[in-house]
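Data block below; observations after.
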Amino acid sequence: MIKYALLGFAFFSFATSAQERWGISLGLSNQGQVDQVLNGFYYPAHETGYQDDATEGKLLNLKYNLTTSYALKPNLQCRLRVGFGQRNNESVQDYDLTYWEVNDEQQLLEIAPSIGLSEQLGKLTLTGGVELPFYFISDLKQTLYYAEFSDNVMTQYSLYELTMDGGLIYGVNGYANIRFQLNKYFSFFTEFNAGAMRSQLGDKYRSHGTVYPTGGTPTDSGQIETDKIQSKIYFSPIQAQLGLTVHF
């Protein structure tokens, strides 16, 4: 659904760009504004803790950004950025007597309207302004599969599932954008965003596990549910973005 919404948003911007004041930007960034807070809340040790003992692992932690801008005046610009981020952590430990695999999955959606002033210096355009970012954080879902072996025969395996409620992070940003014009229609850009943010995360922490002995009766650990909530104000690290802009 998010992908279709982004495509629809892009189509609408193309359709209404008759006065050549519009720009569509596609960018790739880190998740710098929310990374530390999300890691601290959802991974109390650190986000790659399972990978410390893993024989292989993969971490995906990027954000894809689509920004539509409109020039109200030659040096005054309003924008709307929609960002989609994935936080996936896959870790595997494969030894003779044990095997385990951990998979974490979480998504975030950012919506950030902004307004800024621009200054053109030859092919360079410098823009700085203020934006209001809203990050909608999905639930964290984690699965752990663990197996034990004796003489290359599995004696039992376990399956654990954990979920933690998501939440909202919002605030006020300052941003700086540097754009290099390639021609009339295309330019490269880099952008930096940082500001004061407030996080409202969590509600319930839920976990459930089952042990399956080979040839035996499964043992259910039952459902464990506790409260886990965070609400705090913080100054965010920098989000850095690179991308391409199409002008109309």
Side-chain angles (χ1 to χ4, degrees), residues 2-3 5-38 61-86 108-137 168-199 233-248:
I2 294 176
K3 292 181 181 179
L6 293 179
L7 290 174
F9 184 75
F11 177 80
F12 174 78
S13 299
F14 274 103
T16 56
S17 58
Q19 297 183 355
E20 296 188 357
R21 293 183 175 182
W22 294 83
I24 300 289
S25 300
L26 297 174
L28 184 66
S29 72
N30 61 14
Q31 298 178 18
Q33 288 211 273
V34 298
D35 231 2
Q36 290 185 8
V37 166
L38 294 181
N61 193 3
L62 294 173
K63 186 159 74 73
Y64 308 92
N65 302 280
L66 173 65
T67 303
T68 295
S69 59
Y70 180 76
L72 299 170
K73 296 180 179 180
N75 65 337
L76 182 62
Q77 181 185 90
C78 64
R79 313 183 315 173
L80 179 64
R81 181 174 69 251
V82 178
F84 176 69
Q86 300 182 68
L108 60 87
L109 173 67
E110 181 202 21
I111 299 176
S114 61
I115 190 166
L117 296 174
S118 300
E119 182 69 28
Q120 188 165 355
L121 303 172
K123 290 188 175 183
L124 286 179
T125 301
L126 310 179
T127 305
V130 177
E131 65 183 4
L132 302 175
F134 294 86
Y135 286 88
F136 301 90
I137 313 298
L168 175 67
I169 299 176
Y170 59 95
V172 179
N173 273 346
Y175 76 89
N177 181 290
I178 303 172
R179 191 176 75 232
F180 180 78
Q181 199 74 28
L182 298 174
N183 54 42
K184 181 180 179 180
Y185 297 106
F186 296 96
S187 63
F188 285 119
F189 75 91
T190 183
E191 182 170 313
F192 304 95
N193 315 78
M197 310 288 286
R198 182 179 181 182
S199 66
I233 297 174
Y234 68 97
F235 290 100
S236 77
I238 293 174
Q239 173 182 274
Q241 182 182 176
L242 291 171
L244 177 70
T245 301
V246 183
H247 304 274
F248 299 90

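What you see is a predicted model, and the numbers here were worked out from it, not measured in a lab. Just so you know, these numbers use all the heavy atoms, side chains as well, and skip hydrogens, waters and symmetry mates.
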- When rounded to the nearest 0.5 angstrom, what distance separates CG in L26 from CG in L244? 7.0 Å

- Hey, could you give me the CG/OH distance between L28 and Y64, rounded to the nearest 0.5 Å? 6.5 Å

- Query: Looking only at atom types and distance, does a side-chain atom of T67 sit under 3.5 Å from a main-chain N or O of I24, one as donor and one as acceptor?
  - Reply: no

- Query: Quick one: CZ on F84 to CG on L66, what's the gap to the nearest 0.5 Å?
  - Reply: 13.5 Å

- Quick one: pull up CZ in F180 and OG1 in T125 and give me the separation to the nearest 0.5 Å. 10.5 Å

- Message: Using a 6.0 Å distance limit plus a 45 degree cone around the ring axis, check whether R79 lies over the aromatic ring of Y175.
- Response: yes

- Item | Minimum side-chain heavy-atom gap S187-H247 below 4.5 Å | yes

- What is the minimum heavy-atom distance between I238 and N30, and which atoms define it? O-ND2, 3.8 Å

- Note on the structure: Tightest non-hydrogen contact, residues Q120 and G122, listed as NE2-O, 3.3 Å

- Heavy-atom closest contact (S236 atom, A194 atom, distance): OG-CA, 3.6 Å

- Any sub-3.5 Å donor-acceptor pair from N177's side-chain atoms to E191's backbone N or O? no

- Would you mind reporting whether L168 and F136 have side-chain heavy atoms less than 4.5 Å apart? yes

- Roughly how far, to the nearest 0.5 Å, is CD of E119 from CG of N75? 7.5 Å

- For the residue pair Y185 and N183, what are the closest heavy atoms and their distance? N-OD1, 2.9 Å

- Task: Work out which heavy atom in G27 is nearest to a heavy atom in F189; give both atom names and the distance.
- Result: CA-CZ, 4.3 Å

- Query: How far apart are the C-alpha atoms of F186 and T245, what are their side-chain angles, what is the distance that settles it, and do they pass the side-chain contact (heavy atoms from CB on, under 4.5 Å) test?
  - Reply: CA-CA 6 Å; F186 296 96; T245 301; over 6 Å; no

- For Q239 and N173, test the side chains for any donor-to-acceptor distance below 3.5 angstrom and give the result as yes or no. no

- Task: Can you measure from CD (Q77) to CD1 (I115) and round to the nearest 0.5 angstrom?
- Result: 9.5 Å

- Query: Between the side chain of Q33 and the main-chain N/O of Y170, is any donor-acceptor distance below 3.5 Å?
  - Reply: no

- Item | Trace of the side-chain contact (heavy atoms from CB on, under 4.5 Å) decision for L132 with I111 | CA-CA 8 Å; L132 302 175; I111 299 176; over 6 Å; no

- Under the 3.5 angstrom rule, does the side chain of E131 hit a backbone N or O of P113 as a donor-acceptor pair? no

- Item | Distance-only donor-acceptor check, side chains N61 and D35, under 3.5 Å | yes

- Message: Closer than 3.5 angstrom, by distance alone: can the side chain of S199 be matched with the main-chain N or O of I169 as a donor-acceptor pair?
- Response: no

- Would you name the heavy atoms of G32 and P237 that are closest together and state the gap between them? O-CD, 3.5 Å

- Task: Using a 4.5 Å cut-off on heavy atoms from C-beta on, say whether the side chain of M197 contacts that of P133.
- Result: yes

- Hey, is CG on L126 packed in by over 12 heavy atoms from elsewhere, all under 6.0 Å? yes

